[in-house]
Asker: 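First, the structure itself, so that you have it in front of you.
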Amino acid sequence: MSTREAQPLLSVYHALKKCHGPQYWWPAESPFEVMVGAVLTQNTAWTNVEKAVTNLKDSDCLDPGKIIALPVTELAGLIRPSGYFNIKAKRLRALCVWYIEQGAHSQLSQWNTTELRSALLAVHGVGPETADDILLYAFHRPVFVIDTYTRRIFSRLGIFRDDLPYEDLRLNFEQALPTDSVLFNEYHALLVSHGKDICRKQPRCNLCCLERICINPGFINRQSSGVKYEDFS
DNA sequence: ACCCAGGGTCATA
DNA sequence: TATGACCATGGG
């Protein structure tokens, strides 16, 4: 197996890149649109998010001040296609209130990554993945985003159990890879792109371009606790 | 008529 | 701290 390299995570990255090509992420026209998309895409297909974002644009409301000025029920109406619209309307509002209070992008971009991350996590409706989406794609900070595709792909590869805590997984990636926001950007985008292709039900079908890289199939099923890739490299 | 998607919060034990 | 219920539309 060509794949017991010193850096399995880089091998996976290169295989994905060769297979899927450059991704040009995040699909948005501004940092603020990234933030909106990050909330709207929570447990939701991106195609639905696009409709909601289009509604916001068409009504000239893709702006933090204008979103706050909207009654929550009206905001919910605009983002209806993205699902969970009542909840997401509140979350979007909370994020916009915070964003404006902190002086928007120009002020926030002066914060260091650690304090920006904990401030985001303190906003109602912003959890670890949403915060990291925003940090990476709106503020270009070297933070590795963990989502369901990341868990699914790496557990099938036998590299990480999919039930590792978010933070454990994130730190594993960040410590194993060079600290490079451009790399993290492309890597996560590739994981999503690949994740959309692979079959959910059958554990190892359609690993596609990653087939060669499968480190140790079945390994993770024998473990009761977290595994770092160094444990079997 | 299912199944599920680029999560997060809140209530229980 | 660890599960489970809940949120809801649109595409396969």
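Order of the sequence lines sets the chain letters (A, B, ...), proteins ahead of strands, with each chain counted from 1.
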Asker: Between dG7(B), dT9(B), dG11(C), which nucleotide has the shortest distance from any of its atoms to the side chain of T47(A)?
Answerer: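 Of the options given, the side chain of T47(A) lies nearest dG11(C).
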Asker: Out of dA5(B), dG8(B), dG11(C), which has the shortest distance to the side chain of A45(A)?
Answerer: dA5(B)
Asker: Using atom P of each nucleotide, how far apart are dA8(C) and dC10(B) to the nearest Å?
Answerer: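 Roughly 14 Å separates the two P atoms.
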Asker: Could you check, using the six-membered ring where one of them is a Trp, whether Y13(A) and F184(A) have ring centers closer than 6.0 angstrom?
Answerer: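 No - the distance between ring centres of Y13(A) and F184(A) does not fall below the 6.0 Å cut-off.
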Asker: May I ask you to say what V126(A) touches in the nucleic acid, namely base, sugar-phosphate or nothing, with a heavy-atom cut-off under 4.0 Å?
Answerer: sugar-phosphate
Asker: For DNA chain B, just give me the dot-bracket, please: Watson-Crick or G-U, both distances below 3.5 Å, ( ) intra-strand, [ ] crossing earlier pairs, | paired with another strand, . unpaired.
Answerer: .||||.|||||||
Asker: Within this structure, what is the CG-to-P distance between D132(A) and dG8(B), rounded to whole angstrom?
Answerer: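 Computing the D132(A):CG to dG8(B):P distance gives 9 Å.
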Asker: Between R170(A) and E129(A), is there a salt bridge with N-O shorter than 4.0 Å?
Answerer: no
Asker: Looking only at non-hydrogen atoms, find the nearest pair between F85(A) and A76(A) and report the distance.
Answerer: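 So the two residues come closest at CB-O, 3.6 Å.
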Asker: Select base, sugar-phosphate, or nothing to describe what H188(A) touches, counting heavy atoms under 4.0 Å on all strands.
Answerer: nothing
Asker: Between V123(A) and K196(A), who's closer to the 5' end of DNA chain B by nearest nucleotide?
Answerer: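 That would be K196(A).
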Asker: Does atom NZ of K90(A) have more than 12 heavy-atom neighbours, drawn from other residues, nucleotides or ligands, at distances under 6.0 Å?
Answerer: no
Asker: Could you state the OH-P distance from Y166(A) to dT9(B), rounded to the nearest angstrom?
Answerer: 13 Å
Asker: Can you tell me the distance, in whole Å, between the CG atom of D162(A) and the P atom of dG7(B)?
Answerer: 14 Å
Asker: Under 4.0 Å from OP1 or OP2 of dC4(B): is there any side-chain N or O of R152(A) that close?
Answerer: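 Result: no.
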Asker: Looking at E174(A) and R141(A), does any basic side-chain N land under 4.0 Å from a carboxylate oxygen?
Answerer: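 So E174(A) does not pair with R141(A) through a salt bridge.
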Asker: Polar atoms only, N or O, under 3.5 Å: list the protein pairs with nucleotides 1-3 of chain C and their distances.
Answerer:
none

Asker: Taking the P atom in each of dA5(C) and dC4(B), what is the distance between them to the nearest angstrom?
Answerer: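 Roughly 16 Å separates the two P atoms.
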Asker: Once you round it to whole Å, what is the distance between C1' of dA5(B) and CG of L191(A)?
Answerer: 17 Å
Asker: Nearest heavy-atom pair of E186(A) and G21(A): which atoms, and what distance?
Answerer: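 That closest heavy-atom pairing would be OE2-O, 4.0 Å.
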Asker: Nearest to the side chain of T130(A), heavy atoms from C-beta on, is which of dA5(B), dG11(C), dG8(B)?
Answerer: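 In terms of side-chain proximity for T130(A), the closest of dA5(B), dG11(C), dG8(B) is dG8(B).
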Asker: What is the distance from CD1 of I198(A) to C1' of dA5(B), rounded to the nearest Å?
Answerer: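 Checked: the CD1 to C1' distance equals 14 Å.
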Asker: Can you check salt bridge (charged side-chain N to carboxylate O under 4.0 Å, His left out) on R117(A) and E167(A), steps first, answer last?
Answerer: CA-CA 12 Å; R117(A) 186 168 199 269; E167(A) 211 63 359; 3.3 Å; yes
Asker: I need the CD-P distance between Q42(A) and dT9(B), as an integer number of Å.
Answerer: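 Rounding to the nearest Å, CD of Q42(A) and P of dT9(B) are 8 Å apart.
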Asker: Report each atom pair, protein N/O against N/O of nucleotides 5-9 of chain C, whose distance is under 3.5 angstrom.
Answerer:
| unit_1 | atom_1 | unit_2 | atom_2 | d |
| --- | --- | --- | --- | --- |
| dA8(C) | OP1 | Y84(A) | O | 3.3 |
| dA8(C) | OP1 | F85(A) | N | 3.2 |
| dA8(C) | OP1 | N86(A) | N | 2.7 |
| dA8(C) | OP1 | I87(A) | N | 3.1 |
| dA8(C) | OP2 | N86(A) | ND2 | 3.3 |
| dA8(C) | O4' | Y84(A) | N | 2.9 |
| dA8(C) | N6 | Y84(A) | OH | 2.3 |
| dA8(C) | N1 | Y84(A) | OH | 3.0 |
| dT9(C) | OP1 | R80(A) | NH1 | 3.1 |
| dT9(C) | O2 | N48(A) | ND2 | 2.9 |

Asker: For L191(A) and L16(A), work out which heavy atoms get closest and say how close.
Answerer: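 Heavy atoms of L191(A) and L16(A) come nearest at CD2-CD1, 3.7 Å.
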Asker: In this structure, is the centre-to-centre distance between the rings of Y99(A) and H105(A) below 6.0 Å?
Answerer: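 No - the distance between ring centres of H105(A) and Y99(A) does not fall below the 6.0 Å cut-off.
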Asker: Kindly give the heavy-atom pair with the smallest separation between A189(A) and Y137(A), and that separation in Å.
Answerer: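 Looking at all heavy atoms of both residues, the closest pair is N-OH, 3.6 Å.
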Asker: Does one side chain, of T130(A) or D133(A), offer a donor that lies under 3.5 Å from an acceptor on the other?
Answerer: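 There is no such pair between these side chains.
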Asker: Examine the side chains of S59(A) and K66(A) and answer whether a donor and an acceptor come within less than 3.5 Å of each other.
Answerer: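 Judged by distance alone, the side chains do not pair up.
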